[in-house]
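Reviewing the structure listed below.
Everything quoted here is computed from the prediction, not taken from an experiment.
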Amino acid sequence: MKRKLVYIEWEDHYSPTSPGWQHTGDVEPPIGKCINATVGWIIAEDAKHLRLANQIADIYAEDEDEDESFDGVVTVIKSCITKRKTLKC
């Protein structure tokens, strides 16, 4: 398996946990950043997105593009990534 394992921290979008519609005066101000941490193997990357999987099956397949299968896939917008580190395994 030739895929890189990475650790990233990224700022996520979030919504207040309110019960439905709110009037302008009832909307709470932002409470700060929502930073997530994710560890996974890079399965796709372009100029704007990074796609990671936290599980890969058939890791010793001869043709990794056709035989591997993934679970726990997340796509993160690269401009939201605040930290990125390649891990060794």
Side-chain angles (χ1 to χ4, degrees):
M1 183 173 72
K2 300 174 187 173
R3 299 191 182 278
K4 289 183 181 177
L5 181 65
V6 295
Y7 167 86
I8 62 170
E9 292 180 8
W10 51 285
E11 188 171 358
D12 200 359
H13 302 80
Y14 64 95
S15 299
T17 55
S18 63
W21 291 92
Q22 294 179 299
H23 293 283
T24 304
D26 297 331
V27 176
E28 296 179 19
I31 57 171
K33 294 181 178 182
C34 179
I35 303 294
N36 294 328
T38 302
V39 174
W41 282 273
I42 299 174
I43 59 172
E45 182 171 12
D46 62 23
K48 293 185 178 184
H49 304 95
L50 179 67
R51 182 169 288 170
L52 305 177
N54 66 20
Q55 296 184 73
I56 301 176
D58 299 327
I59 63 172
Y60 296 112
E62 290 183 27
D63 185 352
E64 68 181 29
D65 291 329
E66 291 185 19
D67 296 325
E68 288 180 320
S69 57
F70 308 104
D71 191 28
V73 175
V74 62
T75 301
V76 178
I77 299 168
K78 290 173 83 172
S79 63
C80 294
I81 296 173
T82 59
K83 181 186 266 187
R84 178 174 173 167
K85 182 177 181 179
T86 301
L87 304 175
K88 295 184 182 194
C89 58

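- For Glu45, the salt bridge (charged side-chain N to carboxylate O under 4.0 Å, His left out) test picks out Lys78, Arg84, with sequence neighbours left out.
- Hydrophobic cluster membership for Val74: Val6, Ile8, Trp10, Ile42, Leu50, Leu52, Val76, Ile81 (Ile, Leu, Val, Met, Phe, Trp, Tyr linked by side-chain heavy atoms under 4.5 Å, directly or transitively).
- Rounding to the nearest 0.5 angstrom, the gap separating the CZ atom in Arg3 from the CZ atom in Phe70 is 4.0 Å.
- The SG atom of Cys89 sits 12.5 Å away from atom NZ of Lys4, with the distance rounded to the nearest 0.5 Å.
- Interatomic distance, Thr86 OG1 to Tyr7 OH, rounded to the nearest 0.5 Å: 13.5 Å.
- Atom NE2 of His49 is separated from atom OG of Ser79 by 8.5 Å, given to the nearest 0.5 angstrom.
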